[in-house]
Number of protein chains: 2
Amino acid sequence: MERSSTTPGGSARREATRQKLYEAAVTLIAEQGFSATTVDEIAERAGVAKGTVYYNFASKSVLFEELLRHGVGLLTASLREAAERTAGEGGGKVDALDAMVRAGLVFIDRYPAFTQLYVAELWRTNRAWQSTLMVVRQQAVAVVEGVLREGVANGEFSEEIDVPLTAAALVGMVLVAALDWKSFQPERSLDDVHSALSRLLQGRVSGRR
Amino acid sequence: MERSSTTPGGSARREATRQKLYEAAVTLIAEQGFSATTVDEIAERAGVAKGTVYYNFASKSVLFEELLRHGVGLLTASLREAAERTAGEGGGKVDALDAMVRAGLVFIDRYPAFTQLYVAELWRTNRAWQSTLMVVRQQAVAVVEGVLREGVANGEFSEEIDVPLTAAALVGMVLVAALDWKSFQPERSLDDVHSALSRLLQGRVSGRR
DNA sequence: ATTTTTGAACTGACTGGTCAGTACAGAAAC
DNA sequence: GTTTCTGTACTGACCAGTCAGTTCAAAAAT
């Protein structure tokens, strides 16, 4: 009863090809955008023939959609893991948020191209993969919202906070700070960036000391 | 000494045509992206002939670059105005930041398509207008950094804050929160969104009451 | 053990359509 | 009479998607 470790339907060889295509596509699309990236380029960078792309994916958009799902899946898992870990360690919700900020930074550090591409496509309208994006966005944001809600419930956070909006703002804070870090001062360490964001998060900006 | 209010070299008629083209291009590119938007579409939406586009702009990319400059110019002016106004009213730097958050929200409220497009293009690499974007980004972020630095100098803000990173994070917070507002809960009022962000900015999230 | 067959995976030349940019004569606007 | 715009037609490059053919490892037959 041998079974492939990943997708049930796919042979090991096929799965390897798909992975190569994801990797090629993610960097190219992050750099140039979806429409400006040609299937020929993706195939060439992945080291396969153009036909192979269409053997593995129904179309260019389908390749892109599956790429999105793949990537956000990784992020969501990582955020959830961070939140649960601090809970297990008996930390409060502030610690959970902080751990999630760090998990976000680690993710962006490891997959900067994916993050770039995600941000660039998220708020577009009238596109084929719009619904995929919405689903996938909600998965990630929901983890943050969950922690905020629990914090409100147990009194750690003010009851007056607007959960969805605050969650969006937090995600945005991390996202933009991290992209700027990678784009404009990549020499800085993750710890460095993390502590700057922690400070902002905990309101230790205004007020001396 | 009559003088055109905008570009010195352009007649009033020409300027009006350019404006129509900007407006057509900004919505189309926000929706579809630069590459997926055709010059024919832009011309049609603006109600002019295709030849007119090329009479007024050297190429599609040039049109886009000038659009970027135009839009960020508006934003920068608005942020600067907000900061100076609070200074005139004797407010502290916290008030200045708060006023700039509001100015940012007002801008995004008025020009959502431009904001969308800007975010989508900002972190791309290897594109023709990359340098234009950098210049233009720095103009806007510099205003925020200036206020932060002044606040550190006069003791209102902690000396430990990382000015460029904090500025980026603040911009990101407003940007993402506002885009989410427009995309996913457009019925909410600007005041509503503003107060949620103020609360976050001033650290009134954790700690009850 | 050797040969034959099978089929999933892959290849790359080709096609039909799309689109940026050009050309230009005549009409409007100023 | 000069500037700006129109309308139509055209070109050449580019590109998503197709498909007939190739590869090759493993299964089946001998």
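Letters go in sequence order (proteins before strands), and every chain restarts at 1. The figures here come from the full heavy-atom set of this structure, side chains too, leaving out hydrogens, waters and symmetry mates.
Atom CZ of B:Arg13 and atom P of D:dT2 are 17 Å apart (whole Å). Regarding A:Ile29, its CD1 atom lies at a distance of 14 Å from the C1' atom of D:dA16, rounded to whole Å. The interatomic distance linking A:Leu63 (CG) with D:dG17 (P) rounds to 11 Å, in whole Å. Rounded to an integer number of Å, the gap from B:Glu15 CD to C:dA29 C1' is 17 Å. Rounded to an integer number of Å, the gap from CG of A:Leu21 to C1' of C:dA9 is 13 Å.
At the phosphate of C:dT11, OP1 or OP2 sits under 4.0 Å from a side-chain N or O atom of A:Thr52. Between C:dA9 and A:Arg14, a contact under 4.0 Å exists linking OP1 or OP2 to a side-chain N or O.
The side chain of A:Lys50 approaches D:dG17 more closely than any other nucleotide in the set D:dG17, C:dA9, C:dT22.
To the nearest 0.5 Å, atom CD of residue B:Gln139 and atom CG of residue B:Leu79 are 11.0 Å apart.
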Item to check | side chain to side chain contact (heavy atoms under 4.5 Å, CB included) evaluation trace for A:Asp98 with A:His194 | outcome: CA-CA 9 Å; A:Asp98 199 60; A:His194 181 205; 3.3 Å; yes
Item to check | Derivation and outcome, side chain to side chain contact (heavy atoms under 4.5 Å, CB included), residues B:Thr115 and A:Trp123 | outcome: CA-CA 10 Å; B:Thr115 310; A:Trp123 293 284; over 6 Å; no
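Every salt bridge (charged side-chain N to carboxylate O under 4.0 Å, His left out) that B:Arg137 has, sequence neighbours left out, goes to A:Asp180.
Between A:Thr27 and A:Arg45, some side-chain heavy-atom pair lies under the 4.5 Å cut-off.
Near DNA chain D, defined here as any heavy-atom distance below 4.0 Å, the residues from residues 38-48 of chain A are A:Thr38, A:Val39, listed numerically. Contact check of residues 53-61 of chain A against DNA chain C (heavy atom, cut-off under 4.0 Å) returns A:Tyr55, A:Asn56.
Ring-plane geometry between A:Phe64 and A:Trp129 is classed as perpendicular, the angle between the planes exceeding 60 degrees on a 0 to 90 degree scale with a lower cut at 30.
Nucleic acid contact class of A:Ser35 (heavy atoms, under 4.0 Å, all strands): none.
Crowding of A:Glu44 atom CD: a count of heavy atoms from other residues, nucleotides or ligands under 6.0 Å not exceeding 12.
Ion pairing of A:Arg149 with A:Glu145 is present here, as a side-chain N (NZ or NE/NH1/NH2) and a carboxylate O approach within less than 4.0 Å.
Looking at A:Arg69, its side chain never comes within 3.5 Å of a backbone N or O of A:Thr132 through a donor-acceptor pair.
Comparing B:Thr37 and A:Ala49 against DNA chain C, the residue whose closest nucleotide sits nearer the 5' end is A:Ala49.
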